Amino acid sequence: MRVNEKYSTLPAEDRSVHIINICAIEDIGYLPSEGTLLNSLSVDPDAECKYGLYFRDGKRKVDYILVYHHKRPSGSRPLARRLQHADAALAARPGRQDQPLPGKGGPVGAGEPEPPMDYHEDDKRFRREEYEGNLLEAGLELERDEDTKIHGVGFVKIHAPWNVLCREAEFLKLKMPTKKVYHINETRGLLKKISSVLQKITDPIQPKVAEHRPQTTKRLSYPFSREKQHLFDLSDKDSFFDSKTRSTIVYEILKRTTCTKAKYSMGQGEGRKKDPALLSKRRKCDEYGITSLLANGVYSAAYPLHDGDYEGENVEFNDRKLLYEEWASYGVFYKYQPIDLVRKYFGEKIGLYFAWLGVYTQMLIPASVVGIIVFLYGCATVDENIPSMEMCDQRHNITMCPLCDKTCSYWKMSSACATARASHLFDNPATVFFSVFMALWAATFMEHWKRKQMRLNYRWDLTGFEEEEEAVKDHPRAEYEARVLEKSLRKESKSKEKRRHIPEESTNKWKQRVKTAMAGVKLTDKVKLTWRDRFPAYFTNLVSIVFMIAVTFAIVLGVIIYRISTAAALAMNSSPSVRSNIRVTVTATAVIINLVVIILLDEVYGCIARWLTKIEVPKTEKSFEERLIFKAFLLKFVNSYTPIFYVAFFKGRFVGRPGDYVYIFRSFRMEECAPGGCLMELCIQLSIIMLGKQLIQNNLFEIGIPKMKKLIRSLRLRHRSPPDHDEYVKRKQRYEVDYTLEPFAGLTPEYMEMIIQFGFVTLFVASFPLAPLFALLNNIIEIRLDAKKFVTELRRPVAVRAKDIGIWYNILRGVGKLAVIINAFVISFTSDFIPRLVYLYMYSENGTMHGFVNHTLSSFNVSDFQNGTAPNDPLDLGYEVQICRYKDYREPPWSEHKYDISKDFWAVLAARLAFVIVFQNLVMFMSDFVDWVIPDIPKDISQQIHKEKVLMVELFMREEQGKQQLLDTWMEKDRKKDEPCNNHNPKACPDSAEYPGGAL
């Protein structure tokens, strides 16, 4: 076959061969064909191919792009000039069909010196040639473009023809809509009226997208089969497989297409040397799919194209533009998300993430309302709270013991009035109700999401998806294959060393034949990585994770020492206003330090978790993702919540008492809680960390970092671009614009920040009822921010099918269960709820809370201070202090067992433990009851799935009946034709005239 027939630029719908159009192969001397020249010299080829969305013929759609770097010899001319020079050479050379194939070498040009050989670049080029040749054999069509505005970057455009799409859709078992249309069961009676009213009310907040409108009919879906193409509506073959499906099919071909016949061809000619290591590696190249080629730098990027521009004048209408207007714009923050269009454009996995984020945000609305009510209840009852009124009453004249040694003096309890009143806003009886409510809210949210997920599975034809998940899960990763290859090479080198010392007998020739026959077996099936191979990585993981958790604890300890030393330093200040605001100043500055450290360590821990997962070399992408998620979540969970756990459960617990304090490093006295308890400080800590992470990490980082990376990449590419002005002002192709976008890095960071936020909302909600409100406000912005990032800032990701959110659901359930336990301990041990109940029902004389503050304070004789710990200025209050008070349940100094723990302490402790047990079991039971009452699959969805199965059976039964009737009709006709011949009437036989010997 002639070369210019096989590598034609014309449409080849009727041809049986695959076509390619490779432009500008400048370093191998390929002379383009006439079709290539005509395309390159046409008046406006870019407009004809819709600026990179189609091949040069303007008919074949670009389904995928491969990007590679190539080195041009210095002084190389632009492509158009080279093509003109080649045109003159072709006119003077009659045998153009005998020119060398692209990528097979040849003279660069008449009289041009040969560029110096770069063995590694030549190796990459050789792999690309072999890989692209295998893609051609797989049925794909390719077109190369090296004449781009981006200097040194080449693009390979890939198109999947109809027969390849059909073959791969059948192989992947893609469910496609058939011609059969059925009506969806609608609600009747009162429910129908209610749904119609709700639809009219919510119509202004519905996106103006066709896919989002309520559907009354649905097409029956069935896994695509070439034998049953008559079942599907193939009237428009160009739109039957949408762009998302086409790119998914091409990506599957790219993953499994390998270069297994690689033989390094360098070393030919004088003065060229062979690289033995590279030669050995090339000869042993077992399998190089697209993931391996990307990892080895053979290709620098691989991605599907966006549908077009999303803004600007004269922009053709496309799904990307529609998503930008109805989803990725801050002006539509009040509208529902067009989830079906998101799924259509980005695939099921990303669609499920945004659907989950939307459900989570909607469920935050009732939680926010209840949280606001609880907060307002605290505001309304603060003036009626007897304990805070007693603390603020200066007539009680309660003198408190110093908060630090020497520099701190005695102080009046009434000076902590503001803290006590603020604590009541969050430490009131309604807080207990809100904790129970949030536990049930978490269970309801999980059940609501499962039901929503089932609706999406039905709507997106994902029922029965498990088999496809197993097929994807078993595909090895590039790094795993590389490690296996390295292991096999080591084994082979060892066996060669043994064979050198042991002469091979002639009787072992059959073994060589067996080895030769087995050489084609997939390498990862013959050699696998065992736990012995991974033991160093496992040990490194364990040591690194323990070390990083220890670093987190050390930082928290450092902040504790900062708080203690700063409080002591501020106590020596001569300004009364500074001394009166010591607690607020120390708490606020310490929390800001914690916030900065958390944000920095989050980024560091994310990178370390990915590195630790990489050195483990998991076999599959699913295994890699799950291990990465586990490590990143563990490290970020410890990093984000350790300071909060300290304030909630450890601060003020191990202080000691006056005269016998507990010291850190024998010089820093442990911190005490305020007289109103540590709940107010916990609220401050939680609110600042939560809001700071949302504002700085989740929003500013997500906006600023991608834009900064895009700016740096564009400046770098502009610096590498040729200085030709005409070349520079030329409009960029679609694949060039997408190349400057940020690569898609997965959904793990998006899920992670939402899971951490879910922890803030549920784990310590007893101390901060407004957490759901701030989470709601953040998520309203987060949805549009993520949407804008996906539509405008990122390359289009490969669509991945998924029927659920994977391991994240289990993490959510675990956080929800942990929240019940933590809130039980917060209410019981951090707040004063239990001590108040114990006092009210056991010690109160008149059944009120009068005297509660005095009951919680113990007495200390100042003469019992240890040497060097008494205040330097004992007369700071204007009078001599004999007895000071401190918060604890201990015997008074005039008791026989002075300063020992009193019976009141054990009574309160028993009540606290009893409350934890009752609260935990009661709330767990109620959560499980909610889980049991609400079915996972909505009744109407289960009916629709059953109806689809029945309709599918009926469809195939009618098809079989039609085939049987057609077969019976043919047999009847054949029988009638044979009857005259059987009656010995030759003239009646239709074949007697054609065949003189009689009918056949």
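This chain uses plain numbering: 1 for the first residue, then up along the sequence. For clarity, every value in this text was computed on a predicted model and none was experimentally measured.
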With side chain to side chain contact (heavy atoms under 4.5 Å, CB included) as the test, would you mind laying out the steps for Leu635 and Asp602 before giving the verdict? CA-CA 8 Å; Leu635 293 174; Asp602 262 357; over 6 Å; no

When you measure from the centre of the six-membered ring of [Y], is the NZ or CZ of [X] under 6.0 Å away and within 45° of the axis?
{"X": "Lys218", "Y": "Tyr458", "value": "yes"}
{"X": "Lys636", "Y": "Tyr605", "value": "no"}
{"X": "Arg795", "Y": "Phe790", "value": "no"}
{"X": "Arg796", "Y": "Tyr345", "value": "yes"}

May I have the step-by-step check of side chain to side chain contact (heavy atoms under 4.5 Å, CB included) for Leu747 and Trp808, ending in yes or no? CA-CA 11 Å; Leu747 290 171; Trp808 296 110; 6.0 Å; no

Least distance between heavy atoms, [X] atom then [Y] atom:
{"X": "Ala138", "Y": "Thr257", "result": "CB-OG1, 4.5 Å"}
{"X": "Tyr299", "Y": "Glu132", "result": "OH-OE2, 2.7 Å"}
{"X": "Thr178", "Y": "Arg219", "result": "O-NH1, 3.0 Å"}
{"X": "Pro772", "Y": "Val761", "result": "CG-CG1, 4.0 Å"}
{"X": "Met454", "Y": "Ile941", "result": "O-CG2, 4.1 Å"}
{"X": "Ile350", "Y": "Pro797", "result": "CD1-CG, 3.4 Å"}

Under a 4.0 Å N-O cut-off, is there an ion pair linking [X] with [Y]?
{"X": "Lys208", "Y": "Glu325", "answer": "no"}
{"X": "Arg246", "Y": "Glu168", "answer": "no"}
{"X": "Glu311", "Y": "Lys321", "answer": "no"}
{"X": "Lys622", "Y": "Glu626", "answer": "yes"}
{"X": "Glu326", "Y": "Arg784", "answer": "no"}
{"X": "Glu348", "Y": "Arg343", "answer": "yes"}
{"X": "Asp340", "Y": "Lys344", "answer": "no"}
{"X": "Glu252", "Y": "Lys255", "answer": "yes"}
{"X": "Lys180", "Y": "Glu948", "answer": "no"}
{"X": "Asp238", "Y": "Lys61", "answer": "no"}
{"X": "Asp936", "Y": "Lys450", "answer": "yes"}
{"X": "Lys157", "Y": "Asp63", "answer": "no"}

When you measure from the side chain of [X] to the backbone N and O of [Y], does any donor-acceptor pair fall under 3.5 Å?
{"X": "Thr620", "Y": "Ser623", "answer": "yes"}
{"X": "Arg128", "Y": "Val298", "answer": "yes"}
{"X": "Thr248", "Y": "Ala799", "answer": "yes"}

To the nearest 0.5 Å, how far apart are [atom1] in [X] and [atom2] in [Y]?
{"X": "Ile755", "Y": "Phe760", "atom1": "CD1", "atom2": "CZ", "value": "13.0 Å"}
{"X": "Leu293", "Y": "Leu254", "atom1": "CG", "atom2": "CG", "value": "9.5 Å"}
{"X": "Ser368", "Y": "Leu777", "atom1": "OG", "atom2": "CG", "value": "7.0 Å"}
{"X": "Phe630", "Y": "Ile807", "atom1": "CZ", "atom2": "CD1", "value": "8.5 Å"}
{"X": "Lys175", "Y": "Leu220", "atom1": "NZ", "atom2": "CG", "value": "9.0 Å"}
{"X": "Asp319", "Y": "Lys244", "atom1": "CG", "atom2": "NZ", "value": "11.0 Å"}

With no hydrogens and no angle check, just 3.5 Å: does a side-chain donor-acceptor pair link [X] and [Y]?
{"X": "Arg144", "Y": "Tyr68", "result": "yes"}
{"X": "His159", "Y": "Tyr64", "result": "no"}
{"X": "Gln757", "Y": "Asn779", "result": "yes"}
{"X": "Tyr735", "Y": "Asp145", "result": "yes"}

Just so I know, are the side chains of [X] and [Y] near enough to count as touching, which here means a heavy-atom distance under 4.5 Å?
{"X": "Gln206", "Y": "Gln199", "value": "no"}
{"X": "Phe232", "Y": "Pro177", "value": "no"}
{"X": "Phe224", "Y": "Arg167", "value": "no"}
{"X": "Leu231", "Y": "Lys228", "value": "yes"}
{"X": "Glu143", "Y": "Phe155", "value": "no"}
{"X": "Leu323", "Y": "Val342", "value": "yes"}
{"X": "Ile158", "Y": "Ile65", "value": "no"}
{"X": "Lys803", "Y": "Trp460", "value": "no"}

Only counting residues at least two apart or in another chain, list the ones meeting side chain to side chain contact (heavy atoms under 4.5 Å, CB included) with Thr245. Leu174, Phe241, Asp242, Ile249

Would you say the ring centroid of Tyr303 lies under 6.0 angstrom from that of Phe744? no

More than 12 heavy atoms of other residues, nucleotides or ligands under 6.0 Å from [atom1] of [X]: yes or no?
{"X": "Tyr182", "atom1": "OH", "answer": "yes"}
{"X": "Lys789", "atom1": "NZ", "answer": "yes"}
{"X": "Lys179", "atom1": "NZ", "answer": "yes"}

Among Ile937, Leu462, Asp804, whose side-chain contact (heavy atoms from CB on, under 4.5 Å) with Gln453 holds? Asp804

Which residue in the set Leu53, Leu741, Val737 passes side-chain contact (heavy atoms from CB on, under 4.5 Å) when paired with His306? Leu741

Taking the inter-plane angle between the rings of Trp356 and Tyr360 on a 0 to 90° scale, is it parallel (under 30°), tilted (30 to 60°) or perpendicular (over 60°)? parallel

Once the angle between the rings of Tyr310 and Tyr324 is folded into 0 to 90°, is it parallel (under 30°), tilted (30 to 60°) or perpendicular (over 60°)? tilted

Quick one: do Lys693 and Ser640 satisfy side chain to side chain contact (heavy atoms under 4.5 Å, CB included)? Show the steps, please. CA-CA 9 Å; Lys693 275 180 66 68; Ser640 297; 4.0 Å; yes

Could you pull out every donor-acceptor pair under 3.5 Å between side chains of residues 327-334 and any protein atom, sequence neighbours left out?
residue	atom	partner	partner atom	Å
Trp327	NE1	Gln337	OE1	3.0
Ser329	OG	Gly331	N	3.3

When you look at Thr613 and Glu625, which way does the side chain to side chain contact (heavy atoms under 4.5 Å, CB included) test go after all the steps? CA-CA 9 Å; Thr613 309; Glu625 185 178 10; over 6 Å; no

